[in-house]
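Quantities reported herein were computed from a predicted structural model and do not represent experimental measurements. Scope of the values below: all heavy atoms of this structure, side chains included, with no hydrogens, waters or symmetry mates.
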Amino acid sequence: MAPLTAAIIEELLETDIDLEEGVEQIVKDLLTSHYDIGELCEKLQAPLTSTSVERRVQGTLLLTRVLAHLPKDMLSSQQLNVMVEFYAARLKDHHNVIPAVIEGIDALVRMDHMRGIDVVKLLQSFFINTTCQSQLRSDRFKLFNTFQYLSERYVSELKLMSGDFIYGIISSIDGERDPRNLDLIFSFMPGFIATYPLLHLSEEMFEIFACYFPIDFTPSPGDPSSITRDDLSAKLIKCLVASPDFIEWAIPLALEKLESELIVAKCDSLELLYQSALNFPCDRIEAQFETIWLALKAEVFPGSEHKTVVDAALRALSCFLEQAAKAKMSVSHNYQTMLLGTILTHLSDVSQRLFEPSARIAIACLSGDSIFASEKIFGTFLLKLNDSSNPLNNEQCLSVYTIIGKMFKIICSHDPSIYNNLSADLCEQLHRHVGNTLNANDNEDNCNQDLMRAAIIILTESAPLINEENRALIYKVLTKILKLDFLNLTNELRVLIERLGLLQPNELQTKCIDLCICDFATYSTCMFEYFLPLVKQSSFTELIVNLLLQQAFGSYTASEKDKHYVALQALSKLLQYQGKTFVKELQYEKCLIARYVKLAKNVGTFYFPSMFLAEIAVGLSLIIRSLPVAEQYMVATQNLAELNLQETSDIYIAHGLLGFLHKDIRLDDHFERLLDDLTQFSMTSDDFEARDVAHHLLCSFVNKIDYNNNNGKNNLGILKNKIQQLIELTKEEKESAIDILAWFAKGLTMRGCDEAGEILEELVKLLEHPTLAYAACESFNIISSKYPHLHLPIIKFLYKQKYFQMMLTKLRHKLETYCGHHLQAFLYILRATPHAVLKLNIENIGPALYKGLSTTRMPTLRISVDICSSFVQKRDEYFGNHLSVLIPLMDVILELASALDDPKRLVRNAAVRARNSWYLIGAPGTE
């Protein structure tokens with residue numbers, strides 16, 4: 001760039017484009033010391049002092065942009081002082097110049113060597129010579145950002161400005177209406193208020209925020225800032241409680257707005273009360289609490305019809321009590337006495353309308369001194385529970401028990417040093433009543449399971465407070481009710497037993513578990529569920545594991561097979577939820593795999609043997625996955641040599657041992673045998689469940705086997721030969737061959753193997769076969785469906801997209817002639833395709849989806865409706881342009897749905913004719 005002259009500056013100021021280029025060159029020259037900032041100011045004297053406002057704006061803007069692009073540490077404090085003098089004076093200039101001055105001040109104050117005294121000078125000049133609210137929105141936003149930065153960096157200097165700084169900020173904010181600026185203000189002002197003494201300006205500061213409460217704001221649909229009313233409200237409330245001085249006005253403001261009929265105003269007011277409880281000193285709230293309680297009582301007693309309001313009111317009430325208890329217990333007692341005086345009368349009459357709201361307030365009362373409140377509430381409840389002249393019915397007792405359980409949960413969440421102060425006599429009476437209730441509900445005809453559930457929850461939550469006498473009663477009751485098969489309380493009893501085991505392991509074992517084991521045959525089949533969590537406790541691990549193994553692998557009569565199966569299920573849960581180390585050690589110590597294999601060989605005499613075999617396979621798979629890779633290989637190969645894969649039991653054993661091996665274990669040397677044996681079994685077996693197991697194994701093997709001729713084995717050639725054999729069998733109309741081909745295709749497609757294409761091509765051809773078309777169609781359902789228990793370790797990236805594109809090419813021309821099986825197969829494929837891929841191909845698949853809506857086949861219809869719905873929900877343009885077709889189709893589907901599913905064939909046929917007639921309206925040959 002040529003040497004800086006007045007003429008060059010004039011040229012720079014001609015256009016914005018030249019100005020930006022000039023700024024870049026000036027910054028480079030300053031950085032290379034061609035001239036300094038003082039020389040630049042001298043050359044800018046003409047435009048900066050021009051009588052033309054426009055020229056002064058251009059000159060100031062040039063200097064401002066240069067400052068903004070300079071490194072923050074470049075200018076010295078002396079140079080910055082010169083700049084401060086200039087900009088402070090420029091604040092007296094014409095209002096058109098002020099935006100450039102504001103931008104320059106923002107650049108200046110962020111310089112590293114800026115002195116606090118110069119910051120004060122700038123702010124004083126600004127507050128005296130101009131106002132924030134007279135600026136444009138964008139300039140006000142810059143100012144508020146500058147105020148935030150200065151207030152956080154120059155605290156000590158700005159505090160010396162005293163009330164002038166506070167008043168200047170108040171004046172700058174006052175009247176702001178733009179939500180983006182308010183969002184910024186509300187974000188940084190709580191910290192500002194907490195940092196700077198407000199002096200005599202506390203009320204003025206509060207009022208500039210109070211005028212916005214409650215927030216009334218609806219975002220514009222096209223607003224990119226994404227500011228919400230709730231965000232603004234939450235930030236505003238933080239401002240309203242930012243100073244302890246605000247308590248004088250914040251709580252009255254909240255109580256005033258709480259009287260509004262608007263739900264949003266009520267919720268905001270309750271949030272302000274909640275934040276007041278959190279932030280204001282307890283001793284200053286105490287004088288206002290009675291007024292606060294009366295206002296909150298109006299919302300919860302009997303209670304608003306809006307649950308959100310009631311919940312917010314109880315939350316605020318709980319917070320006042322909790323903070324009072326932390327600050328001064330006597331204040332908490334005063335608050336609680338006030339509340340209890342209102343509710344205890346209503347808690348003594350369960351049938352009253354006010355019992356439920358009183359119970360909610362009772363729970364809130366425990367947020368203060370929980371022992372103080374609970375003793376009074378429990379005393380009231382015990383008077384009713386022990387009233388033999390007017391006993392509670394089951395429903396009333398359930399209501400009381402429910403509240404007691406919630407109270408004990410809160411009480412025992414504290415440290416033992418707190419909950420142990422609860423009256424032992426009250427606890428003794430409550431636990432005795434609960435124990436007697438459980439003891440009385442042992443008959444299926446008069447058993448109230450909801451009441452029993454509430455009773456068990458009380459015992460669980462208050463377990464540390466049950467005395468020895470009542471524990472003896474509880475153990476006795478437990479050994480009794482654990483025999484009851486009709487109970488649906490497994491989860492509750494399991495948690496109670498686990499809690500008692502933690503607290504009193506010796507007692508639980510001698511007085512409950514040992515008794516159950518001695519007479520195990522008489523107990524419920526849920527017994528394993530009850531005791532299984534105790535395995536995690538070292539006191540019970542060996543005992544429960546031995547019991548479980550004895551029941552799972554022991555001898556049973558035919559009538560006891562249900563318990564045998566339940567034991568196997570429990571063992572599977574144990575293996576699933578315990579860590580791998582535990583399972584591995586259990587295998588080493590107890591030889592579980594050998595036991596499972598032995599049991600599988602003997603299930604042929606059981607009722608529903610496939611059910612037992614499936615559970616055995618689950619157990620084996622859980623064990624094998626816990627072993628190191630080398631041991632997995634050793635166990636698998638040793639057992640594989642002994643398996644006869646034409647036996648159903650051995651198919652399940654193979655599934656457990658081989659189906660979930662580590663991905664690096666491929667069994668390449670055994671591939672040909674496995675492929676032949678499993679294929680033969682699938683072709684010949686009449687056991688559909690066992691055939692599915694074989695299919696899963698085949699799918700897994702073809703997915704993971706190495707096809708790169710390892711160890712001289714041509715596994716790829718073996719696979720291709722098997723595929724050709726199966727294709728030949730389809731020509732003999734063997735449906736089983738189609739099923740196997742489908743599972744081959746699934747495993748190969750997911751690993752991105754080209755051999756999948758040959759199978760898919762054959763399956764497409766079979767869609768036109770007169771007898772095999774349905775089986776071929778369902779093969780695409782197999783390929784496209786998810787199977788959670790199918791282990792496919794090799795999954796190629798974007799395989800779904802490749803599968804979709806391949807099948808779109810193969811089926812598109814078939815769909816134009818509308819063959820039902822082709823359409824159904826294609827929809828199966830679409831169901832598995834990512835939405836983004838469908839969207840890219842919507843012009844190709846859209847007609848098929850509309851055809852799907854016009855069919856009478858429920859699977860086709862269901863998939864079409866699901867996919868179309870997902871597009872409509874995302875406001876897709878293609879479907880938006882076809883709503884005139886889509887909506888009538890949906891209406892007819894809804895109207896005829898029940899008739900199409902009618903059990904009477906004549907009704908179904910009539911519905912089909914009706915729908916087909918409707919679809920064909922306007923077609924040639926119709927009237």
If we check salt bridge (charged side-chain N to carboxylate O under 4.0 Å, His left out) with Glu271, which of these qualifies: Arg315, Lys257, Lys266? Arg315
Ring pair (Phe, Tyr, Trp, His ring centres under 6.0 Å) partner of Phe206, the single match among Phe213, Tyr212, Phe246: Phe246
In this structure, are over 12 heavy atoms from other groups packed under 6.0 Å from Glu290 atom CD? no
Side-chain donor-acceptor pair present, Asp369, His333, cut-off under 3.5 Å: yes
Do you see a donor-acceptor pair shorter than 3.5 Å between the side chains of Ser351 and Asp349? yes
Tightest non-hydrogen contact, residues Ala316 and Leu270, listed as CB-O, 3.9 Å
Can you give me the closest heavy-atom contact between Tyr419 and Cys412, atom names plus distance? CD2-CA, 3.7 Å
Could you go through the side-chain contact (heavy atoms from CB on, under 4.5 Å) check for Thr437 and Asn448 one step at a time? CA-CA 10 Å; Thr437 298; Asn448 187 316; over 6 Å; no
Less than 4.5 Å apart, side chain to side chain, heavy atoms only: is that true for Phe209 and Leu182? no
Indicate yes or no: at least one non-hydrogen side-chain atom of Pro197 is less than 4.5 angstrom from one of Lys159. yes
Between Arg432 and Glu428, does at least one N-O distance fall below 4.0 Å, as a salt bridge requires? yes
Which heavy atom of Ala455 sits nearest to which heavy atom of Val434, and what is that distance? O-CG1, 3.4 Å
Using every non-hydrogen atom in the two residues, find where Met189 and Cys239 come nearest and quote the distance to one decimal. CB-SG, 4.1 Å
Nearest-0.5 Å distance that lies between atom CG in Leu547 and atom CZ in Phe540: 13.0 Å
Check Ile497, Val495, Leu500 against Thr460 for a side chain to side chain contact (heavy atoms under 4.5 Å, CB included) and give me the one that passes. Val495
Ignoring hydrogens and angles, state whether a donor on the side chain of Ser423 or Asp425 is under 3.5 Å from an acceptor on the partner side chain. no
Could you check whether atom NZ of Lys328 has more than 12 heavy atoms from other residues, nucleotides or ligands sitting under 6.0 Å from it? no
Tell me if the centroids of the rings in His431 and Phe408 come within less than 6.0 Å of each other. yes
Would you say that Leu198 contacts Glu204 through its side chain, given a criterion of any heavy-atom pair below 4.5 Å between the two side chains? no
Is the cationic atom of Lys376 (NZ for Lys, CZ for Arg) positioned less than 6.0 Å from the six-membered ring centroid of Phe372 and within 45 degrees of its normal? yes
CA sep, side-chain torsions, deciding dist, call: Tyr401, Arg453, side-chain contact (heavy atoms from CB on, under 4.5 Å): CA-CA 10 Å; Tyr401 274 14; Arg453 181 174 291 105; over 6 Å; no
As an exercise, state the distance from CD1 of Ile361 to CG of Leu339, rounded to the nearest 0.5 Å. 6.5 Å
Take Arg360 and Glu356, measure what salt bridge (charged side-chain N to carboxylate O under 4.0 Å, His left out) needs, and give me the verdict at the end. CA-CA 6 Å; Arg360 290 195 292 265; Glu356 287 300 327; 5.1 Å; no
Could you verify whether a donor N or O on one side chain and an acceptor N or O on the other, from Thr228 and Asp231, lie under 3.5 Å apart? yes
Quick check for you: to the nearest 0.5 Å, what is the distance between Lys235 atom NZ and Ile227 atom CD1? 7.5 Å
Below 4.5 Å, heavy atoms only, C-beta onward: do Leu574 and Gln578 meet side chain to side chain? yes
Would you check, one step at a time, whether the test side-chain contact (heavy atoms from CB on, under 4.5 Å) holds for Asp519 with Lys483? CA-CA 10 Å; Asp519 194 20; Lys483 296 182 178 182; 3.8 Å; yes
Heavy-atom pair with the smallest gap, counting every atom of Leu478 and Leu496: CD2-CD2, 4.2 Å
N-O pairing of Lys536 and Glu498 below 4.0 Å: yes
Would you say the side chain of Leu278 lies within less than 4.5 Å of the side chain of Val241, judging by non-hydrogen atoms? no
Less than 4.0 Å between a side-chain N and a carboxylate O, is that true for Arg229 and Asp268? yes
Answer yes or no: is there a side-chain heavy-atom contact under 4.5 Å between Leu503 and Pro464? yes
More than 12 heavy atoms of other residues, nucleotides or ligands under 6.0 Å from NZ of Lys384: is that the case? yes
Gln504 side, atom CD; Ser539 side, atom OG - distance, nearest 0.5 Å: 11.5 Å
Contact summary for Leu473 and Gly435, nearest pair of heavy atoms: CD2-CA, 4.0 Å
Do the side chains of Ile237 and Phe186 get nearer than 4.5 Å, heavy atoms only? no
Are Phe320 and Glu286 close enough that some pair of their side-chain heavy atoms sits under 4.5 Å apart? no
Between the side chain of Arg471 and the main-chain N/O of Ile466, is any donor-acceptor distance below 3.5 Å? yes
Could you walk me through whether Gln323 and Cys319 pass side-chain contact (heavy atoms from CB on, under 4.5 Å), step by step? CA-CA 6 Å; Gln323 297 304 310; Cys319 191; 4.1 Å; yes
Within a reach of under 6.0 Å around CG of Asp216, are more than 12 heavy atoms found that belong to other residues, nucleotides or ligands? no
Between Phe192 and Tyr196, is a ring pair (Phe, Tyr, Trp, His ring centres under 6.0 Å) present by the stated rule, with each step listed? CA-CA 6 Å; Phe192 178 97; Tyr196 293 91; 4.8 Å; yes
